[in-house]
Amino acid sequence: MERTHTRGHGAPPAGPRTAAVWAVLRRELERLGDRTLTVLDVGGGTGGFAVPLAEAGHRVTVVDASPDALAALTRRAADAGVAERVRAVQGDGDALAGLVEPASADLVLCHAVLEVVDDPADVVRAVATALRPGGAASVLVASRAAAVLTRAMNGHLDLAATILADPDGCAGARDTLRRRYDAGSAGALLRAAGLEVEQTHGVRVLADLIPAVVADADPSALLELELAAAALPPYRDIAAQLHLFARRPAS
């Protein structure tokens, strides 16, 4: 991999809703030093992760099904002066295996994708195949526990019961997500594809629960509390999302 001078390690100032993810990514980027990485962002949309990584000197390919999102990504990358380091590819997660070369990526982001695809196992296998040996995957999925608690707290006890009982954690035909996960089921999915899960964190453990007036009054305290709770069961397990960081074995 070529060498580059980076601006930091690709982790912008993060709010409590993304801090746990960026903390993990920052550690990985720092571990790899000043190398220019090849990053694949599956379902990366308008570039919330892709553009900061490109600003840090890495080359990022974003695969997304929405042409509007990719157009916004292209504008965002141009505005940030990193258009030459960001490539937009239209396609959905289920088609990933046919869109990227095997063993071509150092880092794959797969955020909020496995909840909506036809076959999450196929997508995870495609992610594992896209990684070079020793490469890492950042996987973000919706949490079943959070969905149950949120609906119960909002008085939708029938929906909470349905999500709790459904094998996929789905609330029915009108649910916007096809499935939800807990740490065990998400980890098993990644391991079945040959990936080794190194870390599991909760994302938005408290950020969605605290009233906006409280969060706005002391954002730094909320950020510190969110990060402190992110890796600790049972707090991790009631987060709105679960972040798993996994690696393709080097051998």
Quiz item: Hey, are the side chains of Ser138 and Val24 touching, using non-hydrogen atoms and a 4.5 Å cut-off?
Solution: no
Quiz item: Should Arg27 and Glu30 count as an ion pair when the cut-off is N to O under 4.0 Å?
Solution: no
Exercise. Using atom types as modelled and distance alone, determine if a side-chain donor or acceptor of Thr46 lies under 3.5 Å from a backbone N or O of Ala72.
Key: no
Quiz item: Is there a path of hydrophobic side-chain contacts, each under 4.5 Å between heavy atoms of I, L, V, M, F, W or Y residues, that connects Val203 with Ile238?
Solution: no
Quiz item: So, Arg144 side chain and Pro167 main chain: donor-acceptor pair closer than 3.5 Å or not?
Solution: yes
Quiz item: Only one of Asp118, Asp119, Asp168 forms a salt bridge (charged side-chain N to carboxylate O under 4.0 Å, His left out) with Arg178, so which one is it?
Solution: Asp118
Quiz prompt | Glu55 side chain vs Val82 backbone, donor-acceptor pair below 3.5 Å | solution = no
Practice problem: Using modelled atom types only, decide if a donor and an acceptor are shared between the side chain of Ser185 and the backbone of Tyr181 within a distance under 3.5 Å. | Solution: no
Practice problem: Treating Ile, Leu, Val, Met, Phe, Trp and Tyr as nodes and any side-chain heavy-atom pair under 4.5 angstrom as an edge, say whether Val89 and Val100 lie in one connected cluster. | Solution: yes
Practice problem: Check for a donor-acceptor pair, side chain of Glu198 on one end and backbone N or O of Arg247 on the other, with a separation under 3.5 Å. | Solution: no
Quiz item: Hey, mind stepping through Glu115 and Val141 against side chain to side chain contact (heavy atoms under 4.5 Å, CB included) and telling me if it holds?
Solution: CA-CA 7 Å; Glu115 302 92 325; Val141 295; 4.0 Å; yes
Self-check item: Joint hydrophobic cluster, Leu70 plus Leu99, side-chain heavy atoms closer than 4.5 Å
Solution: no
Quiz item: Is there side-chain contact between Leu190 and Val139, with at least one heavy-atom pair below 4.5 Å?
Solution: yes
Quiz item: Mind checking who shares a hydrophobic cluster with Met153, ILVMFWY linked at side-chain heavy-atom distances under 4.5 Å?
Solution: none
Quiz item: Do Asp237 side-chain atoms and Pro233 backbone N/O form a donor-acceptor pair below 3.5 Å?
Solution: no
Quiz prompt | Linked, directly or transitively: Leu177 and Leu159 (ILVMFWY side chains, under 4.5 Å) | solution = no
Quiz item: Cys170 versus Arg179: any side-chain heavy-atom pair under 4.5 Å?
Solution: no
Quiz prompt | Spacing of Leu157 atom CG and Arg151 atom CZ [to the nearest 0.5 Å] | solution = 12.5 Å
Quiz item: Nearest 0.5 Å, what's the CG-CG distance between Leu209 and Leu222?
Solution: 10.0 Å
Quiz item: What distance separates Leu40 CG from Leu96 CG, expressed to the nearest 0.5 Å?
Solution: 6.0 Å
Quiz item: Quick one: CG on Leu37 to CG on Leu53, what's the gap to the nearest 0.5 Å?
Solution: 8.5 Å
Quiz item: In Å and rounded to the nearest 0.5 Å, what is the CG to CH2 distance from Leu29 to Trp22?
Solution: 7.5 Å
Quiz item: Are Leu32 and His58 close enough that some pair of their side-chain heavy atoms sits under 4.5 Å apart?
Solution: no
Self-check item: Test item: Leu131 and Leu195 side chains (from C-beta on) under 4.5 Å apart, heavy atoms
Solution: yes
Quiz item: Should Val127 and Leu140 be counted in the same cluster of Ile, Leu, Val, Met, Phe, Trp and Tyr side chains packed under 4.5 Å apart?
Solution: no
Exercise. Kindly compute the distance separating CG (Leu223) from CG (Leu206), expressed to the nearest 0.5 Å.
Key: 11.5 Å
Practice problem: Might you confirm whether atom CZ of Arg87 has over 12 heavy atoms from other residues, nucleotides or ligands at distances under 6.0 Å? | Solution: no
Practice problem: Check Leu242 against Asp182 and note the closest heavy-atom contact, atom names and distance. | Solution: CD1-C, 3.5 Å
Practice problem: Looking only at non-hydrogen atoms, find the nearest pair between Arg76 and Gly48 and report the distance. | Solution: NH1-N, 3.5 Å
Quiz prompt | Shortest non-hydrogen contact between Ala65 and Asp92, atoms and distance | solution = CB-CB, 4.0 Å
Quiz item: Would you find a donor on one side and an acceptor on the other, under 3.5 Å apart, between the side chain of Asp64 and the backbone of Gly45?
Solution: yes
Quiz item: Hey, what's the ring geometry for Phe49 with His111, parallel, tilted or perpendicular (30° and 60° as the breaks)?
Solution: perpendicular
Quiz item: Between Ala250 and Pro133, what is the shortest heavy-atom contact and its length?
Solution: O-CB, 3.3 Å
Exercise. Look only at the side chain of Arg59 and the backbone of Thr36, and say whether a donor-acceptor pair between them is shorter than 3.5 Å.
Key: no
Quiz prompt | Thr61 vs Thr38, side chain to side chain contact (heavy atoms under 4.5 Å, CB included): CA-CA, chis, key distance, verdict | solution = CA-CA 8 Å; Thr61 296; Thr38 300; 5.9 Å; no
Practice problem: Flag the pair Arg17 and Asp208 as a salt bridge only when some basic side-chain nitrogen lies within less than 4.0 angstrom of an acidic carboxylate oxygen. | Solution: yes
Practice problem: Determine whether more than 12 heavy atoms belonging to other residues, nucleotides or ligands lie under 6.0 Å from atom CD of Glu84. | Solution: yes
Practice problem: Indicate the atoms forming the closest heavy-atom contact of Val123 with Gly93, along with that distance. | Solution: CG2-O, 3.4 Å
Exercise. Taking all heavy atoms of Phe245 and all of Leu107, pick out the closest pair and write down the distance.
Key: CE1-CD1, 4.2 Å
